[in-house]
Number of protein chains: 2
Amino acid sequence: MSRPVAKPVRRADARQNVEKILEAAIACLGRDPSTSAIQIAECAGVGRMTLYGHFPSREALVEAALTRLLDKGDQVLEGVDLTGDAPAALCALIESSWLLIAQSSAVLEAAQATLPPTRVRDLHAKPEQRVNNLIARGQAEGAFRDDLPRTWLASVLHYIIKGAATDVASGRLDPTVAPRFISETVLAAYAPAPSEERSTGR
Amino acid sequence: MSRPVAKPVRRADARQNVEKILEAAIACLGRDPSTSAIQIAECAGVGRMTLYGHFPSREALVEAALTRLLDKGDQVLEGVDLTGDAPAALCALIESSWLLIAQSSAVLEAAQATLPPTRVRDLHAKPEQRVNNLIARGQAEGAFRDDLPRTWLASVLHYIIKGAATDVASGRLDPTVAPRFISETVLAAYAPAPSEERSTGR
DNA sequence: GAGAACTCGTACATGGCTATACGAATTAGA
DNA sequence: TCTAATTCGTATAGCCATGTACGAGTTCTC
């Protein structure tokens, strides 16, 4: 009875199919959070039953896709140096992962429609923390404005990234200029109030 | 047969029901763009069949709701003085109609899922223009930054308003402080490059 | 090469939303 | 008051998505 789910070895093609399905799910849900399991399956190039063979329900699939996406994002952010000058670090963060963040937002939206809210919060708490810390540090150093709460500043970043991603997806915005627009806008929005010239760090 | 739709007089209660349905549609779709016609009907306090008696399809209902909402927004903006100092005008615009704009965005999202894209564009072209003109004027006067395209600046405004509205709806953001946050953030984002210290109003 | 794992089609039950048709009860308006 | 407009329940049909069951064919893995 000590092995309820233990399938230690899976056939190679099976694992490969799981991979294809997850990638397709991320792509599809990133485009439209309400994509059906059928569409994801055919987008992955597998039969619908294969999908249900690997994921017991659409809910499980969405959760798996979100988890993978957040892990991927976490890895990317791991490789970005966020310790230096706060504005520069924010810029680097945006440059390196705005698309990933945008995708995550969309998949997260899909998750919110099907998963219990607590589960969702748990899943994306960690990556969220990275951004939060950076903003907090910037505020403490006087590089970012202090007259608006950190949570709001973080939200603004997400709003803009998500909006830009939507417009890029629908062809209204050129993806090559998007990161620059985002960075310049967010940095300006985060800038300390100009009236009183605080000693802005260095 | 020369009068296919001509119903010159409608009974008072009928018109009143149409009113209730439209208001309910705006409220429901503003909260969740995928609200079903059934939910809208019971939210309006009328039977489902009454709804179909007044609107031939859900699509027609969505279009009617969007049209009414945009008209309402247009009226509100009509009463706002946008001719003075550009930042102040933008601030007044946000203060007076951020909630309306947010609702419009949500209903517009519902419309995009059911209406032909051209129709949607046509409908909200006019209110959009008001914001665009204000931004253009601000740029021309040097009150707003010029290094980012006007369309992008307008988009940013929408991103933030829509995001804030979502967070207010889900209880993550206090509705009483939201307009202030939005205004201060957008004004900072729109500010001209900081190197030259313009006298930014007060 | 043989057995097991895996794929995937078909079929089916379920549930939700849209939309139509019919008809009875209600109600406004003259 | 009387008539016609209006409401609104029920029934019906179609479409689509989810999820389960069965079974035959294919392909890995030993």
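Lettering of chains follows the sequences in order, A, B, ..., and the numbering in each one begins at 1. Values below: every heavy atom of this structure, side chains too, minus hydrogens, waters and symmetry copies.
In plain terms, the two heavy atoms of Pro33(B) and Arg58(B) that are nearest each other are O-NH2, 3.6 Å. Across all their heavy atoms, Arg150(A) and Asn132(A) have their closest contact at CD-O, 3.6 Å.
If you take NZ of Lys20(B) and C1' of dT6(D), they are 13 Å apart, rounded to a whole angstrom. Atom CZ in Phe55(B) sits roughly 14 Å away from atom P in dT18(C) (whole-Å rounding). Gln16(A) places its CD atom 20 Å from the P atom of dT26(D), with the value rounded to the nearest Å. For the pair Leu61(A) CG and dG19(D) P, the interatomic distance rounds to 10 Å; values are reported in whole Å. Counting to the nearest Å, the P atom of dT6(D) and the CG atom of Leu51(B) are 15 Å from each other. dC15(D) atom P lies 18 Å from atom CD of Gln39(A), rounded to whole Å. Rounded to an integer number of Å, the gap from OH of Tyr52(A) to C1' of dA13(C) is 14 Å. The CG-P distance, from Leu29(B) to dC17(C), rounds to 14 Å in whole Å.
The overall bend of the helix from dG1(C)-dC30(D) to dA30(C)-dT1(D), read as the angle between its terminal helix axes built from five base pairs each, is 30° when rounded to 10 degrees.
For the side chain to side chain contact (heavy atoms under 4.5 Å, CB included) with Leu93(A), the lone residue among Val76(A), Val186(A), Leu77(A) that qualifies is Leu77(A).
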- Message: Is there a side-chain hydrogen bond (donor to acceptor under 3.5 Å, both in side chains) between Gln75(A) and Asp71(A)? Walk through the geometry before answering.
- Response: CA-CA 6 Å; Gln75(A) 282 179 5; Asp71(A) 281 354; over 6 Å; no

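Applying the side-chain hydrogen bond (donor to acceptor under 3.5 Å, both in side chains) test to every pair with at least one member in residues 46-55 of chain A, sequence neighbours left out, gives these pairs: Arg10(A)-His54(A).
No donor-acceptor pair under 3.5 Å is formed between the side chain of Thr35(B) and the backbone N or O of Arg31(B).
Contact check for Trp152(A) versus Ile182(B): side-chain heavy atoms found under the 4.5 Å cut-off.
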If you look only at distance, which donor and acceptor atoms sit under 3.5 Å apart when one is on a side chain in residues 113-123 of chain A and the other is two or more places apart or in another chain?
unit_1: Thr114(A); atom_1: OG1; unit_2: Ala110(A); atom_2: O; d: 3.1
unit_1: Thr114(A); atom_1: OG1; unit_2: Ala111(A); atom_2: O; d: 3.4
unit_1: Arg119(A); atom_1: NE; unit_2: Glu63(A); atom_2: OE2; d: 2.7
unit_1: Arg119(A); atom_1: NH2; unit_2: Glu63(A); atom_2: OE2; d: 2.7

Close N or O pairs between protein and nucleotides 28-30 of chain D (under 3.5 Å):
unit_1: dT29(D); atom_1: OP1; unit_2: Ala12(A); atom_2: N; d: 2.7

Where do N or O atoms of nucleotides 8-12 of chain C meet protein N or O atoms at under 3.5 Å, pair by pair?
unit_1: dC8(C); atom_1: OP2; unit_2: Gly47(A); atom_2: N; d: 3.2
unit_1: dC8(C); atom_1: OP2; unit_2: Thr50(A); atom_2: OG1; d: 3.0

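Heavy-atom contacts from other residues, nucleotides or ligands closer than 6.0 Å to CZ of Arg137(B) number more than 12.
Taking the six-membered ring where the residue is Trp, the centroids of Tyr190(B) and Phe144(B) are separated by under 6.0 Å.
Within the 4.0 Å cut-off from OP1 or OP2 of dT7(D), at least one side-chain nitrogen or oxygen of His54(B) is found.
A search for side chain to side chain contact (heavy atoms under 4.5 Å, CB included) contacts involving Glu78(A) returns Asp74(A), Arg130(A), not counting sequence neighbours.
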